[in-house]
Amino acid sequence: MKIASVIVDVPAKQTDKTFDYLIPDNLESVIVPGVRVNVPFGPRNIQGFVTGIKTESEFKKLKEIAGALDLKPVLNKELLLLGEWLTEHSLCYRISAYQAMLPAALKAKYQKKVVLTEGTSKEDLEEEARNLFSSGSEASWETAVEQNLVNLLKRESDRGLVDVVYEVKDRVRRKKLKHILPLGDTDSLAEQKERLSPQAKAQRRLLDFFQEHPAPVELKTLVANGFSQAAVKALIKAGILGEQDMEVYRDPYAGREFQRQEPLVLTEAQEKAIAPILSSIEEERHEVFLLYGVTGSGKTEIYLQSIQQVLEKGEEAIVLVPEISLTPQMVKRFKERFGDLVAVMHSGLSAGEKYDEWRKIQRREVKVVVGARSAIFAPFKNLGIIIIDEEHETSYKQEENPRYHARDVAIHRAATHRCPVVLGSATPSLESFARAQKGVYTLLALPKRMNEQPLPEVEIVDMREEMRQGNRSMFSRSLFEKLEDRLAKGEQTVLFLNKRGHSSFVMCRDCGYVINCPNCEITLTYHRYQEQMKCHYCGYEEPVPVICPECTSEHIRYFGTGTQKVEEELTKLLPEARVIRMDVDTTGKKGSHERLLNAFGEGAADILLGTQMIAKGLDFPNITLVGVLSADTMLHLPDFRSSEKTFQLLTQVSGRAGRHELPGEVVIQTYTPEHYSIELAGTQDYDRFYQQEMMARKLHKYPPFYYIALVTVSHEELMKAVSVTEKITRYISSRLSKEAVVLGPVASPIPRIKNRYRYQCLIKYKKEPELRASLRQVLDRYQQETAKEGLQISLDLNPYILM
DNA sequence: AGCACGCCGACT
DNA sequence: GTCGGCGTGCTC
């Protein structure tokens with residue numbers, strides 16, 4: 001008998017290994033590595049992934065696999081290996097790695113139920129237990145617990161009257177639609193038609209139709225074409241037509257017409273940049289390219305034509321974009337070029353839609369996937385290229401287990417497939433640019449905009465000076481004048497602010513009391529719309545205070561500026577201006593993001609006001625002014641990348657202006673105009689910024705000169721968190737070389753979240769082959785306390801958020 | 001992670 | 001003498 005090795009769906013240290021199961025005869029052909037199975041595990045049934053087949057096991061009392069969930073493996077050989085690599089690389093459990101690689105719809109749902117045993121009727125049970133089974137022979141375990149019947153049921157179970165069963169359910173709902181099809185061939189249809197009663201005109205017409213199209217047709221389509229349901233029903237009853245539920249894909253882009261677009265003629269600069277990529281594709285050589293091109297320099301066309309080449313070779317392509325629902329224009333360009341060969345995967349899709357897109361890939365029905373981070377795991381078999389657009393974006397790093405960076409996964413996969421990776425950006429991450437400088441990546445530069453338009457003129461306004469001149473408004477005089485000017489000319493403006501809500505916090509003017517979250521060490525944010533104070537970390541909400549809780553003063557003031565407040569201010573100052581506001585609050589609903597953007601593109605508003613999310617992708621000819629209300633809000637975050645992020649964001653936002661015929665202008669308002677990331681964003685001088693920032697990183701021993709790893713320990717008791725972090729810090733220090741720097745224990749920048757104290761230890765290192773093993777040791781050492789005493793230890797090799 | 005098993009104190 | 005509390009260790 002054959003034996004399968006299975007990774008079970010229990011994310012825990014002790015179960016992070018394979019378990020062996022016998023393969024029952026009837027499943028022998030189905031059970032291959034990569035299929036999901038149901039297996040008995042202790043007293044319950046759970047899901048697992050088959051990772052290997054063998055004929056012998058050290059374990060003697062093997063159980064049998066209960067069932068297979070797939071007929072075709074959901075993980076191919078490459079992805080199974082990639083999962084192992086990911087486990088090693090990010091120090092997570094293997095099951096977590098595999099689950100991260102699949103759409104959420106393929107995750108198991110568990111249900112615990114009580115069922116009457118065969119031959120038992122509910123009258124046999126004790127009275128209290130009977131009404132539990134009022135609606136049949138089974139009841140959910142949850143309601144049994146609610147009704148306090150657990151003990152009773154245990155007795156009944158001992159008497160053999162009930163059983164407790166564990167059900168593993170697939171979440172997948174394949175969408176099915178009723179289709180109508182002729183049961184006989186065309187000739188028999190003609191025959192049947194003759195036999196119909198002469199009055200049955202409609203039925204005759206229907207048969208005419210099917211004689212011409214002998215394929216299944218959706219009932220809805222028939223009705224839409226003027227056939228009546230009655231006629232269809234009659235023919236089904238007569239046994240001439242049949243109905244069948246057929247699986248269809250949910251298509252998020254259904255009904256959208258994409259006009260076929262042919263490749264554009266490349267500029268000389270583009271030709272020069274694409275040549276090495278094409279030859280790498282041709283020679284099946286793995287190489288990483290950094291495509292460094294200013295906004296509007298035509299990177300996308302290079303992506304498109306590289307993919308074209310890959311498709312001609314019969315291979316496949318993955319394109320990662322930061323968060324695709326944000327860039328409908330990007331999707332459009334891919335669909336226009338490659339039509340139905342494109343699958344799209346992003347967070348705006350429902351679980352079912354994501355699953356359907358994933359299936360198209362699995363069934364080889366598409367050749368290109370355009371998607372956010374997790375699309376890097378697309379189950380293609382012949383990858384010919386991987387493209388990561390806006391390579392510097394932090395959303396490529398997953399901030400929960402497995403904590404992977406899509407760039408690393410991309411390079412790993414591309415190496416196995418011997419194909420190129422193209423990292424594109426106008427403001428590359430320091431890490432990538434440094435690698436390109438060192439020759440690890442190949443640098444391809446597109447220094448000019450395609451239309452030869454100069455980059456927009458940037459004015460940096462010192463808001464301290466405005467204040468001194470008596471301007472207390474949130475708009476500098478210069479920005480306000482320009483706003484009025486655009487309004488008069490009928491041109492559009494984008495105003496950018498990186499904060500949501502109304503005002504960031506509420507403070508008492510008499511005693512200085514600031515309202516904090518009771519569970520987290522963080523100030524509550526005022527949300528005007530719901531008149532609530534909200535915590536962005538734990539979701540805690542409370543009404544806005546009327547009097548100060550500390551000193552009962554009534555002088556409560558709102559500080560900081562949010563998008564809502566700017567909007568109000570705008571309507572006050574420029575009542576005739578039509579404003580569209582875009583932030584998490586107004587784009588929460590599916591599709592609203594795209595709707596708002598389209599409305600702006602069609603000229604439904606003069607001013608687009610928004611947060612981060614409007615920084616990229618929007619490309620409208622009528623935008624001639626971009627205003628950044630406060631450039632320094634993120635500069636002061638406790639994060640060594642804050643300068644880099646500020647520079648990238650400002651450059652990105654500035655690029656929104658004047659992309660077409662009309663020249664653009666940018667106004668950046670700041671309280672620290674002398675800071676190099678703001679000053680150099682003003683002149684759009686990436687190279688000088690790179691030099692400056694590299695010096696700072698070298699000095700403080702940060703990436704790309706050093707790698708970093710972060711250990712965060714959290715516990716309800718402060719002392720426990722501190723002492724564990726201290727022990728860990730000491731242990732790690734003892735295991736590393738003298739070159740490594742171990743900082744800690746220190747309180748996290750957010751020292752308490754959801755009533756848990758947080759301490760951390762930061763490790764900076766260049767080469768420490770022992771580090772991963774040591775960190776695993778740490779997890780092992782504290783495993784019991786993690787399981788029982790509510791201790792949490794999180795490890796992040798290459799963290800992007802140091803909080 | 002669940003869950004059973006087992007050992008201890010409080011009770012019909 | 002039994003019920004139910006939680007600590008311990010296993011799940012192929």
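Small disclaimer: the values here were computed from a predicted structure and weren't measured. Proteins come first, then strands; the chains are lettered A, B, ... in the order of their sequence lines, and each starts at number 1.
- In this structure, the separation between CD on A:Glu716 and CD on A:Gln792 is 9.5 Å, given to the nearest 0.5 Å.
- Rounded to an integer number of Å, the gap from CG of A:Asn401 to C1' of B:dA1 is 15 Å.
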Quiz prompt | Sequence-aligned protein contact record of nucleotides 4-12 of chain B, with B where the base is within under 4.0 Å of a protein heavy atom and S where only the sugar-phosphate is | solution = ---------

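- Rounded to whole Å, the distance from CG on A:Asp9 to C1' on B:dA1 is 10 Å.
- Look at CZ on A:Arg44: it is 4 Å from C1' on B:dG2, rounded to the nearest Å.
- Under the 3.5 Å distance criterion, the side-chain polar atoms of A:Gln362 are matched with a main-chain donor or acceptor of A:Pro73.
- Listed in residue order, the members of residues 12-19 of chain A having a heavy atom less than 4.0 Å from DNA chain C are A:Gln14, A:Thr15, A:Lys17, A:Phe19.
- In this structure, a donor-acceptor pair under 3.5 Å is present between the side chains of A:Ser737 and A:Glu768.
- Here the side chain of A:Glu28 pairs no donor or acceptor atom with the backbone of A:Ile23 at under 3.5 angstrom.
- Contact check on A:Lys720 versus A:Glu785 returns a salt bridge, with a Lys/Arg side-chain nitrogen under 4.0 Å from an Asp/Glu carboxylate oxygen.
- Proximity of residues 59-67 of chain A to DNA chain C (heavy atom under 4.0 angstrom from any strand atom) is restricted to A:Phe59, A:Lys61, A:Leu62, A:Lys63.
- In this structure, a donor-acceptor pair under 3.5 Å is present between the side chains of A:His417 and A:Glu78.
- B:dG2 atom P lies 13 Å from atom CD of A:Glu142, rounded to whole Å.
- Using a cut-off of 4.0 Å between Lys/Arg side-chain N and Asp/Glu carboxylate O, A:Glu357 and A:Lys354 are scored as not salt-bridged.
- Aromatic ring centroids of A:Tyr731 and A:Tyr782 lie 6.0 Å or more apart.
- A:Phe41 comes within 4.0 angstrom of a base, heavy atoms only.
- Note: CD (A:Glu167) to C1' (B:dG2) measures 18 Å, nearest angstrom.
- Annotation: salt bridge (charged side-chain N to carboxylate O under 4.0 Å, His left out) contacts involving residues 85-101 of chain A, sequence neighbours excluded, comprise A:Glu84-A:Arg94, A:Glu88-A:Arg776.
- With respect to the salt-bridge test (charged N to carboxylate O, under 4.0 angstrom), the residues A:Asp20 and A:Lys54 qualify.
- For residues 748-764 of chain A, every residue pair satisfying the salt bridge (charged side-chain N to carboxylate O under 4.0 Å, His left out) rule, not counting sequence neighbours, is listed here: A:Glu521-A:Arg752.
- Judged purely by distance below 3.5 Å, without hydrogens or angles, the side chains of A:Gln99 and A:Lys107 never pair a donor atom with an acceptor atom.
- Contact footprint of chain A on DNA chain C: nucleotides with an atom under 4.0 Å from a non-hydrogen protein atom, first to last in 5' to 3' order, C:dG4 to C:dC12.
- Remark: A:Arg359 fails to qualify as a cation-pi partner of A:Tyr249 under the 6.0 Å distance and 45° angle criteria applied to the six-membered ring.
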